[in-house]
2 protein chains.
Amino acid sequence: MIDLPDTASPLYEKVKDYILTNIGTGRWGKDRKLPSENELVASLGVSRMTVHRALRELTSAGFLIRLQGVGTFIAPPRPQSTLIEINNIAAEIVERGNSHRSEVLVLETMMPTKELALSFEFAKRVSIYHSVVVNFENDLPVQLEERFVNPGLIPDYDKQDFTKTATYDYLMQKTPVTEVEHIISAIPADKEAAQHLGIDVGSCCLLLHRRTWTGAIVATISKLTYAGSRYSLGSRYSPSKAS
Amino acid sequence: MIDLPDTASPLYEKVKDYILTNIGTGRWGKDRKLPSENELVASLGVSRMTVHRALRELTSAGFLIRLQGVGTFIAPPRPQSTLIEINNIAAEIVERGNSHRSEVLVLETMMPTKELALSFEFAKRVSIYHSVVVNFENDLPVQLEERFVNPGLIPDYDKQDFTKTATYDYLMQKTPVTEVEHIISAIPADKEAAQHLGIDVGSCCLLLHRRTWTGAIVATISKLTYAGSRYSLGSRYSPSKAS
DNA sequence: CAGTGGTCTAGACCACGAA
DNA sequence: TCGTGGTCTAGACCACTGG
């Protein structure tokens, strides 16, 4: 039986510290396999729920990997991925010291096409909100923004004045986003985009496709078209953490 | 008594979805106060541990704020920015179940142009490493990767076999990246890109410009050109899983 | 004081992987 | 089949807040 320190912190925190210390000193370093939950229960004299919580939190923090039916292992060094930050376009333009203005071309309810209904993962056909807005930087159109919005989550979307509040701001205020999907591609401008952005048909555009979720429900689907010559998505990012 | 959906997901996930949906639809929006744990236990017909776990996870994800002795509240809206994850292209291709191969076109030391030296923030003119690699997905060229590498940080870059190890992997291994800058734009393919990617001159390409830092020193500068019709940068990201 | 969230337990059933 | 982790419950005690 191993004694945990007699401090004021919760038991599961002590268990976490105990495990992290043993990882650090390499005690389980041989095959990187930890004792099973039941073994920890026996050796530490705490309940399984407490051990489990400690292991679960260390797993979600990236220190451990758990496989049902197999065991718990020390996670390999962190995966190599890089994050890009995408900002609200209105805020971004203002931050650069330029003036932002938007024109609302469409704001309506509509029946989704079959493809859209599929993207929303709707079981039934229900009507959705649809908006098309052009965003200007110093009176030059830089982004054409087409949005489809789930009325179940954001009921009054069609009654807003989006020349005053940016669509993005309004949506973020109204519903928490739990997941975001982005797809970025480069496409030639079609007739509509060319017209609204004031560029030639066929010239290069950035297309940013975005879906957002609230819980298991698709909240919004957006198609953001940027005039390629006038706009770049940029970001500088510091992978902060460790602990 | 409220019915939770009859899906395969764990109960606490259903409770989380239920709560997020109710936040989204503004049911508790008045004073932003949620029902107490015991009220949720009663109305959902699950145990308090399960409700508590759902609330705890939503709290650590930043959606809720809990005060002992007071109650649970909806957190104020989070800062409005969205992150896109950019993965190592080789890993990404393999993960999709396709085959990856690369051809090294150039691997040399060179004197930087004035512009490059400026980007590296060099005080003096020193030579740097330069590589050009084409990445193939199922024998179709999808990315042209031009890299400039600071020899002070990565001494033996020019002696590696980048058909075996991806440049990205090698660099991540050799030096810790503390900061990354990305700029994404859409450009028409120039002659060189068109030739190596096997596309027409002038067709749309995604251009990803990247600089990485180790501390205050610029480690690498990369120019990644993607054939627009063949490749999209995509990602699905959960804010809840970060930080 | 009553009500809130925070923690902890003992015991149970399940899905999965390996022998 | 057995051991693993994943989930869930009922009940308990605690610390904290407010009236």
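Reminder, nothing fancy here: chain letters follow the sequence lines and each chain counts from 1.
Separating the CD atom of B/E37 from the C1' atom of D/dC14 is a distance of 14 Å, rounded to the nearest angstrom. Atom NE2 of A/H52 and atom P of D/dT9 are 14 Å apart (whole Å).
Nearest to the side-chain atoms of B/P10 among the listed nucleotides D/dG5, C/dT4, D/dC8 stands D/dC8. Distances were taken from every side-chain heavy atom of A/T50 (C-beta onward) to each of C/dT9, D/dA12, D/dA15; the shortest belongs to C/dT9. When each of D/dG6, D/dC13, D/dT9 is scored by its nearest atom to the side-chain atoms of B/S47, the top-ranked nucleotide is D/dT9. With distances taken from any side-chain atom of A/Y12 to the nucleotides C/dC8, D/dT17, D/dT9, the minimum falls on C/dC8.
Ring geometry for B/Y157 versus B/F162: interplanar angle of 30 to 60°, hence tilted.
Remark on DNA chain D: of its neighbouring residues A/L34 and A/M49, the 5'-side contact belongs to A/L34, judged by nearest-heavy-atom nucleotide.
Environment of NZ in A/K16: crowded, with over 12 heavy atoms of neighbouring residues, nucleotides or ligands closer than 6.0 Å. Atom NZ of A/K159 has more than 12 neighbouring heavy atoms from other residues, nucleotides or ligands inside a 6.0 Å radius.
Within the 4.0 angstrom heavy-atom criterion, no nucleotide atom of any strand lies near B/R56. No engagement by B/L55 is indicated, since no non-hydrogen atom pair under 4.0 Å with the nucleic acid exists.
Look at B/R66 and you'll find a side-chain N or O under 4.0 angstrom from OP1 or OP2 of C/dG6.
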